[in-house]
Amino acid sequence: MPELPEVEVVRLGLERFLPDRTVIDYRSNGKPLRLCSETQDMRRLLIGSRFLTVGRRAKYLLLELDNRSLLVIHLGMTGRLGLFPEKTPVLTHDHRRWLLDNGLELRFNDARRFGSLLIFPEETRATAERELFAGIGLEPFAPDCTADYMRAKAAGRTLPVKQFLMDGRAVAGIGNIYANEALFAAGIRPDRPAGRISRKKWLLLLQEIIRILRHAIACGGSSISDFLGTDGKGGYFQVHFSVYGRAGQACPRCFKPIKAIRLAGRSTFFCASCQR
DNA sequence: ATGGCCTCCTGTATGC
DNA sequence: TGCATACAGGAGGCCA
């Protein structure tokens, strides 16, 4: 599922095509999503409105309209957004569709339906955003997301650092893949208690997180099985994976076999020799 | 407060 | 081939 880089790739795709487009129609196939606003609210607030900006916070996409309402989209594990000519056959998991004034349709496809689509009118959007993002940490690219900040957040925590990164309350947008990759790059074992990372290691880890996320965005994200950008094309950062999904294969640094364990139920990959 | 576990849902891979 | 099982990139809720 999409982590920060994949969501950012989708955002960049939408940003090229959505601004200035007016919504002509909205259709739902009635299948429930994890969270979804009522069809009547979507139609009332979106039809006749024009998209202005396409933003992102953590793994959420924020689409602002000219009536100042805000469409919030979360892709969950398998959500995809794509733009298609109106006549394109609708696929099984195309759950929601927005017809635009240029004959293209924005479609939300989500096999597992863990995604969310929420519309907030101008009056409630500020409150809604505050509640939605209340527990979410800093964006990794934000200037105030520093080693000292991370160290302070992790102080006293015995939780494995991988879970600390993925949990999003300190730093946003890092999921299973990029947590694994960043910890390898920084030479830190995923099961090391978050509170037992030195300042020097936090400096290195943050630097690697930023480098890897940027590189992944430049690669169009990671497509393991189902991530696609809005243009329907996959990313290729997966060819740069050092540890993720590489159990038993040679560590790119020392050539010893990569280990696979489960941490909080999630697949975890690391090199026991390079990561301490 | 913290951390572990479970759940939502479907598709795919693997093993018997 | 068919069937059962495990697992998948997220995230929120519940419980000890």
Side-chain angles (χ1 to χ4, degrees), chain A residues 1-11 29-36 56-61 72-81 91-96 108-118 128 131-137 152-183 190-196 209 212-213 216-217 219-229 234-248 260-269:
Chain A
M1 178 302 27
E3 303 182 32
L4 185 151
E6 290 74 33
V7 178
E8 182 63 16
V9 166
V10 171
R11 190 193 71 77
N29 68 358
K31 291 285 186 77
L33 304 176
R34 197 171 74 81
L35 297 172
C36 190
R56 179 190 58 75
R57 174 77 173 99
K59 298 168 192 165
Y60 292 85
L61 290 162
V72 178
I73 304 179
H74 195 294
L75 301 175
M77 293 276 259
T78 49
R80 293 176 185 173
L81 286 167
L91 303 177
T92 311
H93 300 300
D94 284 342
H95 303 304
R96 305 292 187 270
F108 179 73
N109 179 292
D110 187 1
R112 288 172 76 178
R113 289 190 275 125
F114 288 177
S116 295
L117 294 170
L118 297 167
E131 285 173 14
L132 202 53
F133 303 135
I136 299 185
K153 281 279 184 185
R157 302 288 301 272
T158 56
L159 184 75
V161 60
K162 175 168 175 266
Q163 284 162 255
F164 178 77
L165 291 179
M166 286 177 65
D167 144 302
R169 273 181 286 218
V171 60
I174 300 172
N176 202 29
I177 291 178
Y178 297 101
N180 276 294
E181 292 297 311
L183 288 165
D191 55 358
R192 173 176 278 269
R196 291 195 46 247
I209 286 169
I212 288 168
L213 295 180
I217 292 166
C219 289
S222 300
S223 294
I224 297 176
S225 58
D226 53 18
F227 170 73
L228 296 176
Y236 58 90
F237 185 75
Q238 65 278 10
V239 307
H240 297 287
F241 288 171
S242 294
V243 289
Y244 185 84
R246 302 190 67 240
I261 59 170
R262 290 192 84 76
L263 221 45
R266 313 302 296 275
S267 295
T268 302
F269 304 92

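Sequence lines set the chain letters: A, B, ... in the order given, protein chains first and strands last, and positions in each chain run from 1. All values reported here derive from a predicted model rather than from experimental measurement.
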Starting from P on B:dT10, measure out to CZ on A:Phe108 and report it in whole angstrom.
-> 14 Å

Does the gap between the ring centers of A:Phe237 and A:Tyr178 come in under 6.0 Å?
-> yes

Between protein and nucleic acid, restricted to nucleotides 11-14 of chain B and to nitrogen or oxygen atoms under 3.5 Å apart, what atom pairs and distances do you find?
| unit_1 | atom_1 | unit_2 | atom_2 | d |
| --- | --- | --- | --- | --- |
| B:dG11 | OP1 | A:His93 | NE2 | 2.7 |

Should A:His74 be listed as having a side-chain N or O under 4.0 Å from OP1 or OP2 of C:dG10?
-> no

Where do A:Asn109 and A:His93 land on the side chain to side chain donor-acceptor pair (under 3.5 Å) test, with the steps shown first?
-> CA-CA 5 Å; A:Asn109 179 292; A:His93 300 300; 6.0 Å; no

For the residue pair A:Ser116 and A:Leu33, establish whether any side-chain heavy-atom pair is separated by less than 4.5 Å.
-> no

Any residue of residues 155-171 of chain A with a heavy atom less than 4.0 Å from an atom of DNA chain B = A:Arg157, A:Thr158, A:Leu159, A:Gln163

In whole Å, what is the span from the CG atom of A:Leu263 to the P atom of B:dG4?
-> 8 Å

Can you find a pair of side-chain heavy atoms, one from A:Leu183 and one from A:Leu165, that are under 4.5 Å apart?
-> yes

Reckon A:Tyr244 touches a base, only the sugar-phosphate, or nothing at all at heavy-atom distances under 4.0 Å?
-> sugar-phosphate

Gap between atoms CE and P, on A:Met77 and B:dT7 respectively (whole Å) = 15 Å

Taken to the nearest whole Å, OH/A:Tyr178 to C1'/C:dG10 is 14 Å

So do A:Glu181 and A:Val243 actually touch side chain to side chain, heavy atoms under 4.5 Å?
-> yes

Do A:Arg34 side-chain atoms and A:His74 backbone N/O form a donor-acceptor pair below 3.5 Å?
-> no

Could you tell me the separation between the CG atom of A:Asp110 and the C1' atom of B:dC8, rounded to a whole number of Å?
-> 11 Å

Looking across every strand, which nucleic acid part, if any, lies under 4.0 Å from A:Arg34 by heavy atom: base, sugar-phosphate, or nothing?
-> base

Would you indicate whether the side-chain heavy atoms of A:Met166 and A:Gln163 approach each other to under 4.5 Å?
-> no

Would you say C:dG10 has OP1 or OP2 under 4.0 Å from some side-chain N or O of A:Arg266?
-> yes

Could you tell me whether the side-chain ring of A:Phe114 sits stacked on the base of B:dC8, using a centroid cut-off under 5.5 Å and a plane angle under 30°?
-> yes

Counting any heavy atom closer than 4.0 Å, what does A:Phe237 reach on the DNA or RNA strands: base, sugar-phosphate only, or nothing?
-> nothing

Distance between the C1' atoms of B:dC6 and C:dA6, in whole angstroms?
-> 16 Å

Watson-Crick and G-U pairing of DNA chain B written in dot-bracket, each distance under 3.5 angstrom, with | for inter-strand partners = .|||||||.|||||||

Is the side chain of A:Arg246 donor-acceptor paired with the backbone N or O of A:Ser242 at a distance under 3.5 Å, no angle test?
-> yes

Whole-Å distance between C:dA11 P and A:Asn176 CG?
-> 12 Å

Answer with yes or no after comparing the ring centroid distance for A:Phe269 and A:Phe241 against a 6.0 Å cut-off, counting only values under it.
-> no

Ignoring hydrogens and angles, tell me if any N or O in the side chain of A:Glu3 forms a donor-acceptor pair with the backbone of A:Ile177 under 3.5 Å.
-> yes

From CD1 of A:Ile261 across to P of B:dG4 the rounded distance in Å is 12 Å

Nearest-Å distance, CZ (A:Arg262) to P (B:dC6)?
-> 12 Å

Specify the closest pair of heavy atoms between A:Gly79 and A:Asp110, including all atoms of both residues, with the distance to one decimal.
-> N-OD1, 3.5 Å

Report yes if some heavy atom in the side chain of A:Arg56 is under 4.5 Å from a heavy atom in the side chain of A:Leu4; otherwise report no.
-> yes

